[in-house]
There are 2 protein chains.
Amino acid sequence: MTVRTRSASQGFGDVRGRLRSAGLRWTPQRRALIDVLKATNGHVTGAELVELCRGRDPETTPSTVYRTLEVLEEIGLIKHSHGRDGRQEFHIAPSSEHGHAICESCGEVRELSDADVDDLVASLGGAGFAVDLSHLAVGGLCHDCRAAEVAEA
Amino acid sequence: MTVRTRSASQGFGDVRGRLRSAGLRWTPQRRALIDVLKATNGHVTGAELVELCRGRDPETTPSTVYRTLEVLEEIGLIKHSHGRDGRQEFHIAPSSEHGHAICESCGEVRELSDADVDDLVASLGGAGFAVDLSHLAVGGLCHDCRAAEVAEA
DNA sequence: TTAAATGCAAAGGGTTTGCACCGGA
DNA sequence: TCCGGTGCAAACCCTTTGCATTTAA
């Protein structure tokens, strides 16, 4: 049940328009990256995106990908954070801010619901700390990996 | 839970003994790094540690620092995670596993109490996800930075 | 003595940048 | 036409590794 209704931010559908209205351009490379991002419906590292784009067009260069990611983040289409290994991780910007639970074994990412974090936010808020949900990362083991680990032992 | 009672910090005072009993050695370089780590009493990146060590001894080489950090982590003295910029961050291992709240403005780190995270852990636990408290990072704004930000606006 | 640790230098991985050329609008 | 984008190549930063040398125990 890893969040189905991921109808990301209202406008993942009209990227072209959003770019244009910002005086930016709609290019084949950008289209490719958008498609790839859509297909991932989750979290990917910059390097992975470069690879995925290369799958479509072997000519793809890292600089273009990273520069486009920058642009997409600027117009609020995607967000990025960092994985455990320190690499950048991008994901389609959600309609609402939310944290993530990342399995340290298989890397699976699940989004945290408001209910999951309500108390934490309240607790820290009481101490004067304003939580930024988009930068809340919880490490751990997902159900499957945990079972696998127990089995090994 | 796999939280072995590694009451780490208790022994930040007898690193030498801990190394020895593991068949490892006590060297000037290690001593320097330990001192530096003690002085930070917080979170530092690998690169920062290299710099700080160079402050004491300009001859310090990165490889030694990183290798020592590795060793220190192995004996449970320190832990590392990743900062927002993707760089490794080391900190003295706490006596008990706990998460961190990091101010995105000033970088200040505060530790989360059990009370802060109890509900989150329970909530995810119910979904089969075993939270690893040592990898729980919450971004946000600390009291002071938040006030400063409001003042600016 | 002898395995562990160091220093150096070089590689490595991910990401960024400068610059000339290309191409959407 | 014109400014934004692209591709290339090289640079960068942090981190890791191989290997000969040093050194703690």
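Letters go in sequence order (proteins before strands), and every chain restarts at 1.
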Nearest-angstrom distance from the residue atom [atom1] of [X] to [atom2] of [N]:
| X | N | atom1 | atom2 | value |
| --- | --- | --- | --- | --- |
| E59(B) | dT6(C) | CD | C1' | 12 Å |
| E70(B) | dA4(C) | CD | P | 15 Å |
| R31(B) | dT23(D) | CZ | P | 18 Å |
| L19(B) | dA25(D) | CG | P | 9 Å |
| D57(A) | dG5(D) | CG | C1' | 15 Å |
| I75(A) | dG4(D) | CD1 | P | 15 Å |
| F90(A) | dG14(C) | CZ | C1' | 11 Å |

TODO: Kindly give the heavy-atom pair with the smallest separation between V50(B) and P62(B), and that separation in Å.
DONE: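 The answer is CG2-CA, 4.1 Å.
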Tell me whether [X] contacts the main-chain N or O of [Y] through its side chain, where contact means a donor paired with an acceptor under 3.5 Å.
| X | Y | result |
| --- | --- | --- |
| R31(A) | W26(A) | no |
| R30(B) | T68(B) | no |
| R54(A) | T60(A) | yes |
| E111(A) | G99(A) | no |

Open item on the list: Check this one for me: any side-chain N or O of T64(A) less than 4.0 Å away from OP1 or OP2 of dG7(D)?
Closed with: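 For dG7(D), OP1/OP2 do have a side-chain N/O of T64(A) under 4.0 Å.
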Open item on the list: Any side-chain N or O of Q29(A) below 4.0 angstrom from OP1/OP2 of dG7(D)?
Closed with: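 True: Q29(A) side-chain N/O within range (under 4.0 Å) of dG7(D) OP1/OP2.
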TODO: Choose from dA9(C), dT17(C), dT6(C) the nucleotide whose nearest atom is closest to any side-chain atom of R30(B).
DONE: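 The closest nucleotide is dT6(C).
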Open item on the list: Return a single string for nucleotides 19-25 of chain C, one symbol per nucleotide in 5' to 3' order, where B is base contact, S is sugar-phosphate-only contact and - is none, cutoff 4.0 angstrom on heavy atoms.
Closed with: ----BBS
Open item on the list: Can you pull out the residues from residues 46-55 of chain A that lie within a 4.0 Å heavy-atom distance of DNA chain C?
Closed with: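 Output list: G46(A), A47(A).
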Open item on the list: Given the structure, check if the side chain of T45(B) and the base of dC14(D) hold any donor-acceptor pair shorter than 3.5 Å.
Closed with: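 Between dC14(D) and T45(B), which were checked side chain against base, a qualifying N/O pair under 3.5 Å is absent.
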Nearest-0.5 Å distance that lies between atom [atom1] in [X] and atom [atom2] in [Y]:
| X | Y | atom1 | atom2 | answer |
| --- | --- | --- | --- | --- |
| C53(A) | L37(A) | SG | CG | 7.5 Å |
| D35(B) | R56(B) | CG | CZ | 4.5 Å |
| R146(A) | F129(B) | CZ | CZ | 10.0 Å |

- [ ] Return each pair, listed once, that meets side-chain hydrogen bond (donor to acceptor under 3.5 Å, both in side chains) where at least one residue sits in residues 115-125 of chain B; pairs must be two or more places apart or across chains.
- [x]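 Non-adjacent pairs meeting side-chain hydrogen bond (donor to acceptor under 3.5 Å, both in side chains): D116(A)-S123(B), S123(A)-D116(B), S113(B)-D116(B).
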